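Reviewing the structure listed below.
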There are 2 protein chains.
Amino acid sequence: MGRRPRESTKAEELEVACRTLGVPLTIQRRVVLETLAARDDHPTADDVWEAVRVRMPDVSRTTAYRALDTLVGLGLAVKICHPGSSARYDAKTRRHHHLVCAHCERVFDIDVPALDKLALPNDKSFEVTDYSVHFRGVCAACKEES
Amino acid sequence: MGRRPRESTKAEELEVACRTLGVPLTIQRRVVLETLAARDDHPTADDVWEAVRVRMPDVSRTTAYRALDTLVGLGLAVKICHPGSSARYDAKTRRHHHLVCAHCERVFDIDVPALDKLALPNDKSFEVTDYSVHFRGVCAACKEES
DNA sequence: CTGCCTGCAAACGATTTGCACCAGC
DNA sequence: GCTGGTGCAAATCGTTTGCAGGCAG
């Protein structure tokens, strides 16, 4: 799955989102977003920080955390959770789903086109904007090991 | 939503699971499970601990954490995650789905029978045992407030 | 009787916060 | 120029761990 994400698009989205919401567009946020968008795994905030430091050695860890949080608020990234460990981030905006290993607790992306157009529940008291399906199970590595 | 869950069923499940896996069946585990099963929200480990202390003032927080973890291992509870805060537990074993508020980050249960029999992906390298759908959106309280 | 479980307190790691300075608008 | 973002270091919060005694099998 080595397709190249169009980073320029992400940068544009960021620009628009910042302008719309009156949020200053800083270099740090731009780099954090690009770094995140370039990855297909689900990096932790710390992972992102370390990757960002390659290009910007002076960013503080705190800023990485804050920038990620801001990006989530702007709708340009998603924060996903992972029992037993730290939060993970994902810049994928296209719909996709997750395989969560019940043993090693790792999270894998999975594309299941058939699940991409589920009907959203019409709950009046909750406005649904998006969804994803979390499959639980055992990954290959853990299956082998047991 | 004040219906009474059949706690005896949960206790039986616990007994069977403990025997099967050779895990000692302690009072603490029983009480933790009953406490968790009696709730419809998604309590934190700490929430569970406080609720358990009403009946067993001497349980330590550590034990609550460990018992919850054990129950997850036994398949009698599920640990769910909640960005920005602590892990949450759920004793519901029947399939259900979640509404996650993007604003207050609270998690609500939702029953959507139509989503209960999705086809599991036939990925050879990942053995899927269960799934749930996470809907993201804005809950009533947050919608009103903004 | 033996081993796992429990309780306690301290350790740990991820994330947040307060404050002074600097950059975007 | 004003507002809000950044960097630093310390604080905070949830969770885990090591060890001594107790209970389930």
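Residue numbers start from 1 in every chain, and the chains themselves are labelled A, B, ... in the order their sequence lines are given, proteins ahead of strands. We use all heavy atoms of the structure for the numbers below, so side chains are in, but hydrogens, waters and symmetry mates are not. Remember, predicted model here, so these are calculated numbers, not experimental data.
- For B/His98 and B/His42, the ring centers sit closer than 6.0 Å to each other.
- Looking at A/His97 and A/Asp109, their side chains never bring a donor and an acceptor atom within 3.5 Å of each other.
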Quick test: give all pairs of protein nitrogen or oxygen and nucleotides 1-6 of chain D nitrogen or oxygen below 3.5 Å, distance rounded to 0.1 Å.
from  : atom 1 : to      : atom 2 : distance (Å)
D/dG5 : OP1    : A/Arg29 : NH2    : 3.2
D/dT6 : OP1    : A/Thr26 : OG1    : 2.7
D/dT6 : O3'    : A/Gln28 : NE2    : 3.2

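- Atom CZ in A/Arg88 sits about 11 Å away from atom P in C/dA14, given to the nearest Å.
- Between B/Leu25 atom CG and D/dC23 atom C1' there is a gap of 12 Å when expressed in whole angstrom units.
- The CH2 atom of A/Trp49 sits 15 Å away from the P atom of C/dG13 (whole-angstrom rounding).
- Counting distance only, with no hydrogens placed and no angle test, the side-chain atoms of A/Thr62 and the base atoms of D/dA9 include a donor-acceptor pair under 3.5 Å.
- For B/Tyr65 and C/dG13, the OH to C1' distance is 14 Å, given to the nearest whole Å.
- To the nearest angstrom, C1' of D/dT17 lies 13 Å from CG of B/Asp69.
- B/Arg29 contributes a side-chain N or O that, together with a main-chain N or O of B/Pro24, makes up a donor-acceptor pair within less than 3.5 Å.
- Inspection of the A/His96 and A/Asp116 side chains reveals no N or O donor paired with an N or O acceptor under 3.5 Å.
- One finds the OG1 atom of A/Thr63 at 10.5 Å from the CH2 atom of A/Trp49 (value rounded to the nearest 0.5 Å).
- Protein atom CG of B/Asp46 is 17 Å distant from nucleotide atom P of D/dT12, rounded to whole Å.
- Paired with B/Glu34 under the rule salt bridge (Lys or Arg N to Asp or Glu O under 4.0 Å), one option of B/Arg55, B/Lys10, B/Arg39 passes, and it is B/Arg55.
- Rounded to whole Å, the distance from CZ on B/Arg61 to C1' on C/dA9 is 12 Å.
- Counting to the nearest Å, the P atom of C/dC4 and the CZ atom of B/Arg19 are 19 Å from each other.
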